[in-house]
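The structure displayed is predicted, hence computed values, not measured ones. We use all heavy atoms of the structure for the numbers below, so side chains are in, but hydrogens, waters and symmetry mates are not. The chain is numbered in sequence order, starting from 1.
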Amino acid sequence: TGGGTTGSNSNVIDYITISSAGDATDFGDLTAARRHSGALSNTTRAVWGGGYESSNSNVLDYVTISSTGNATDFGDLTVARYGGMGLSSNTRGVFGSGDGALTTIDYITIASTGNATDFGDMGGDSEYSPPVSNKTRGVFGSRTSSSNVMEYITIASTGNTTDFGDNDAKQATGGSTSNSHGGI
């Protein structure tokens, strides 16, 4: 986990070992204290994007998961945002819109550093859309409390989202998780 708020913005990165129960341990620090960042990873790197410092941020930070230490600057998103959720394949990371009416989707190649590139657009604003993904497809959950629309992308390509179907209820800011077969 990285960033967040404890009354003021935090730059703390913590880690856990999933195979054993126990408390989180300090990993290092993000390059700036911020909250509402998107995050994604592959088996080697974790990347945080955007968030809110004293204003919206376009900063991308990364760490190498197998070693502890402070985050390093990865590059910048195409537009500053908070609440832009991340999803990934083993190769590519995607940050979906966020920040109210913003519809911009960006992508990065996780193994290299550099600025994000425009991927396409969401069908509507998607502040805090809970995403899930496997190696091929990413799905963004319903994006506001007045919508139950889910949208998907093919991670290896670029383009706008496509309608995936509807959530059972209108909801926003939920959490999500997936394995390679399905999302919850």
Side-chain angles (χ1 to χ4, degrees), residues 1-15 27-42 44-65 70-89 91-133 138-145 147 151-153 155 158-161 172-178:
T1 64
T5 184
T6 57
S8 60
N9 290 346
S10 172
N11 67 344
V12 173
I13 302 171
D14 285 339
Y15 75 95
F27 188 97
D29 294 327
L30 294 169
T31 61
R34 60 188 189 267
R35 63 185 185 267
H36 302 302
S37 293
L40 54 87
S41 67
N42 63 12
T44 306
R45 279 188 174 169
V47 182
W48 288 266
Y52 187 85
E53 294 173 40
S54 58
S55 61
N56 290 350
S57 172
N58 67 345
V59 172
L60 291 166
D61 286 349
Y62 78 96
V63 296
T64 301
I65 295 171
N70 292 334
T72 303
D73 182 57
F74 187 98
D76 294 326
L77 293 167
T78 63
V79 62
R81 68 186 81 181
Y82 71 87
M85 301 299 169
L87 56 85
S88 60
S89 67
T91 307
R92 185 180 268 191
V94 178
F95 290 96
S97 66
D99 192 18
L102 183 66
T103 61
T104 303
I105 305 170
D106 289 345
Y107 75 93
I108 58 171
T109 301
I110 299 172
S112 63
T113 58
N115 294 334
T117 303
D118 183 60
F119 185 97
D121 291 311
M122 300 283 291
D125 65 71
S126 67
E127 181 177 5
Y128 305 119
S129 290
V132 294
S133 62
V139 178
F140 295 96
S142 60
R143 54 189 178 258
T144 66
S145 57
S147 170
E151 299 172 297
Y152 77 92
I153 58 168
I155 297 171
T158 58
N160 297 336
T161 57
T173 68
S176 58
T177 187
S178 64

Step-by-step side chain to side chain donor-acceptor pair (under 3.5 Å) determination, D106 to T78
CA-CA 7 Å; D106 289 345; T78 63; 2.6 Å; yes
Using 30° and 60° as the class limits, which term best fits the ring planes of Y82 and H36: parallel, tilted or perpendicular?
tilted
Over all heavy atoms of both residues, which pair between [X] and [Y] is shortest? Give the atoms and the distance, please.
X: S88; Y: I110; answer: CB-CD1, 3.9 Å
X: L60; Y: F95; answer: CD2-CE1, 3.6 Å
X: S41; Y: I65; answer: CB-CD1, 4.2 Å
X: T109; Y: F74; answer: O-CZ, 3.4 Å

Which residues pass the side chain to side chain donor-acceptor pair (under 3.5 Å) test with [X], sequence neighbours left out?
X: R35; answer: N9
X: N56; answer: D99
X: R34; answer: S37, D61

Distance check, rounded to the nearest 0.5 Å: [X] atom [atom1] versus [Y] atom [atom2]?
X: N11; Y: N70; atom1: CG; atom2: CG; value: 8.0 Å
X: L30; Y: T72; atom1: CG; atom2: OG1; value: 11.0 Å
X: T104; Y: D121; atom1: OG1; atom2: CG; value: 5.5 Å

